[in-house]
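Structure first, commentary second.
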Amino acid sequence: MYDSPRVCVQVQSVYIESQSTPDEERFVFAYTVTIRNLGRVPVQLLGRYWLITNGHGREIEVQGEGVVGEQPHIAPGEEYQYTSGAIIETPLGTMQGHYEMVDADGNAFRIAIPVFRLSVPTRIH
């Protein structure tokens, strides 16, 4: 495998208050990932790896095929976007990881997913 700068990953997260129960240490977050193919050949996302860390430093690893049940093909200059979720026991945490991908020539490569925050917005009254 080799690292490739041809794919850009951006993530935005949001706290889902309606599904969270802070008294039971359940904080629900949604995150939207945008994957852009900046290269000259089509790529396909085959698998994912996440490291989810809560505010106490407890880590959970998640890995599997594809994302949201898909293994998308992304043409040059195109992007793929999906939304998924995570549940942690604290109002603050982080996620990071990587995608396992393959290009049109069958070359496997890994794309880093930069660390992003899962945080409950602070309320100021």
Side-chain angles (χ1 to χ4, degrees):
M1 288 207 198
Y2 63 94
D3 286 318
S4 171
R6 302 170 299 166
V7 177
C8 173
V9 176
Q10 292 180 304
V11 185
Q12 290 186 312
S13 66
V14 62
Y15 175 58
I16 309 296
E17 186 173 9
S18 64
Q19 295 180 24
S20 298
T21 48
D23 292 346
E24 298 172 15
E25 296 184 335
R26 176 185 160 94
F27 298 87
V28 179
F29 298 89
Y31 57 91
T32 299
V33 180
T34 304
I35 304 166
R36 290 186 179 88
N37 181 353
L38 305 175
R40 296 183 181 168
V41 298
V43 297
Q44 182 181 14
L45 190 156
L46 298 178
R48 71 191 182 289
Y49 167 82
W50 289 109
L51 177 63
I52 306 166
T53 307
N54 75 14
H56 300 306
R58 181 172 169 260
E59 296 180 342
I60 298 171
E61 293 180 280
V62 177
Q63 51 192 344
E65 291 185 1
V67 290
V68 295
E70 298 181 11
Q71 291 183 315
H73 292 266
I74 309 168
E78 298 293 316
E79 66 181 39
Y80 175 81
Q81 188 174 78
Y82 73 94
T83 300
S84 191
I87 301 170
I88 59 174
E89 304 84 7
T90 59
L92 181 64
T94 61
M95 285 181 68
Q96 62 187 313
H98 64 260
Y99 293 126
E100 302 288 342
M101 304 189 77
V102 64
D103 66 21
D105 297 324
N107 297 308
F109 62 99
R110 184 176 284 175
I111 293 297
I113 305 165
V115 64
F116 61 94
R117 272 182 183 245
L118 304 173
S119 67
V120 174
T122 314
R123 292 200 175 120
I124 301 173
H125 297 284

Looking only at heavy atoms, which two atoms of [X] and [Y] are closest? And how far apart?
X	Y	value
Pro114	Ala112	CD-O, 3.6 Å
Val68	Ser84	CG1-CB, 4.3 Å
Ser13	Arg117	OG-O, 2.6 Å
Cys8	Leu38	CB-CD1, 3.8 Å

Name each donor-acceptor pair under 3.5 Å that joins a side chain in residues 42-51 to protein atoms two or more places apart or in another chain, with its distance.
from	atom 1	to	atom 2	distance (Å)
Gln44	NE2	Gln71	O	3.0
Gln44	NE2	His73	NE2	3.4
Arg48	NH1	Glu65	O	3.0
Arg48	NH1	Gly66	O	2.9
Tyr49	OH	Glu61	OE2	2.6

With [X], which residues qualify under side chain to side chain contact (heavy atoms under 4.5 Å, CB included), at least two apart?
X	answer
Ile16	Val14, Ser18, Gln19, Val28, Ala30
Asp23	none
Val11	Val9, Tyr31, Val33, Ile113, Phe116
Thr94	Thr53, Val115

Q. Counting distance only, does the side-chain N/O of Asp103 pair as donor-acceptor with the main-chain N or O of Asp105 below 3.5 Å?
A. yes
Sequence neighbours left out, what passes side-chain hydrogen bond (donor to acceptor under 3.5 Å, both in side chains) with [X]? Give chain and number order.
X	value
Tyr99	Tyr82
Glu70	Tyr80
Glu89	Asn54, Arg58
Gln10	Arg36

[X] [atom1] to [Y] [atom2] distance, which is reported to the nearest 0.5 Å:
X	Y	atom1	atom2	value
Met101	Ile35	CE	CD1	6.0 Å
Gln81	Ile74	CD	CD1	11.5 Å
Glu100	Ile111	CD	CD1	10.0 Å

(Q) Could you work out, with ring pair (Phe, Tyr, Trp, His ring centres under 6.0 Å) as the rule, every residue matching Phe29, not counting sequence neighbours? (A) Tyr15
**Q.** Side chains of Arg26 and Thr21 in contact at under 4.5 Å (non-hydrogen atoms)
**A.** yes
Q: Would you kindly confirm whether Val62 and Val67 end up in one hydrophobic cluster when ILVMFWY residues are joined by side chain heavy atoms under 4.5 Å apart?
A: yes
